[in-house]
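Step one of this worksheet: look at the structure below.
As the structure is a computational prediction, the values presented were derived from the model and not from experiment.
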Amino acid sequence: MKRLMNASIVYGVLGLIGGVFCREFTKLNGFTDFTTLSVVHTHYLMLGMAFFLLLVLVEKNFHFVATKISKYLLFYHIGLNLTVVMFVVRGVV
């Protein structure tokens, strides 16, 4: 359960950093249209932080995290971070 809570905290901090980066980068370049940088903030906060906080609540009540579930959570971490990295690459370009 502590691992899930730590993941939630890390994704929350990354979401806030992504929001600040989007705001400052677009302001610095004078860009006012939509960019994929704006969705980095929401993806990390909702799919990262909120999802893992929800998993903490479910784990506390049902004790579902085992080695089999941990493997799927690793794929979830990789997929979420790969998605956000590609959003950042596309947004900066």
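- Side-chain atoms of L28 and E24, non-hydrogen and from C-beta on, never get closer than 4.5 Å to each other.
- Taking the six-membered ring where the residue is Trp, F52 and H77 present parallel rings, their angle staying beneath 30° rather than reaching 60°.
- Considering only heavy atoms from C-beta on, V85 stays 4.5 Å or farther from F87 through its side chain.
- Taking OG of S70 as the start and CZ of R3 as the end, the distance is 6.5 Å to the nearest 0.5 Å.
- For F34, the CZ atom sits in a packed shell: over 12 heavy atoms of surrounding residues, nucleotides or ligands are nearer than 6.0 Å.
- In this structure, the side chain of H41 engages the main chain of G15 through a donor-acceptor pair within 3.5 Å.
- When atom types are taken as modelled, the side chain of T26 and the backbone of C22 share a donor-acceptor pair closer than 3.5 angstrom.
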Would Y11 and N81 satisfy side chain to side chain contact (heavy atoms under 4.5 Å, CB included), going step by step from the backbone distance to the final call? CA-CA 10 Å; Y11 282 128; N81 288 315; 3.3 Å; yes
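- Rounding to the nearest 0.5 Å gives a distance of 12.0 Å between CE of M1 and CG of L55.
- Taking the six-membered ring for Trp and thresholds of 30 and 60 degrees, F25 and F21 have nearly parallel ring planes, at less than 30 degrees apart.
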Using side chain to side chain contact (heavy atoms under 4.5 Å, CB included), reason through V10 and V13 one step at a time and then give a plain yes or no. CA-CA 5 Å; V10 167; V13 169; 6.0 Å; no
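- A heavy-atom distance below 4.5 Å is not found between the side chains of L14 and V84.
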Could you go through L37 and R90, starting from their C-alpha distance and side-chain angles, then the distance that decides it, and tell me whether this counts as side chain to side chain contact (heavy atoms under 4.5 Å, CB included)? CA-CA 8 Å; L37 285 176; R90 186 169 181 207; over 6 Å; no
Check step by step if ring pair (Phe, Tyr, Trp, His ring centres under 6.0 Å) holds for Y76 and F51. CA-CA 11 Å; Y76 185 81; F51 177 72; 4.5 Å; yes
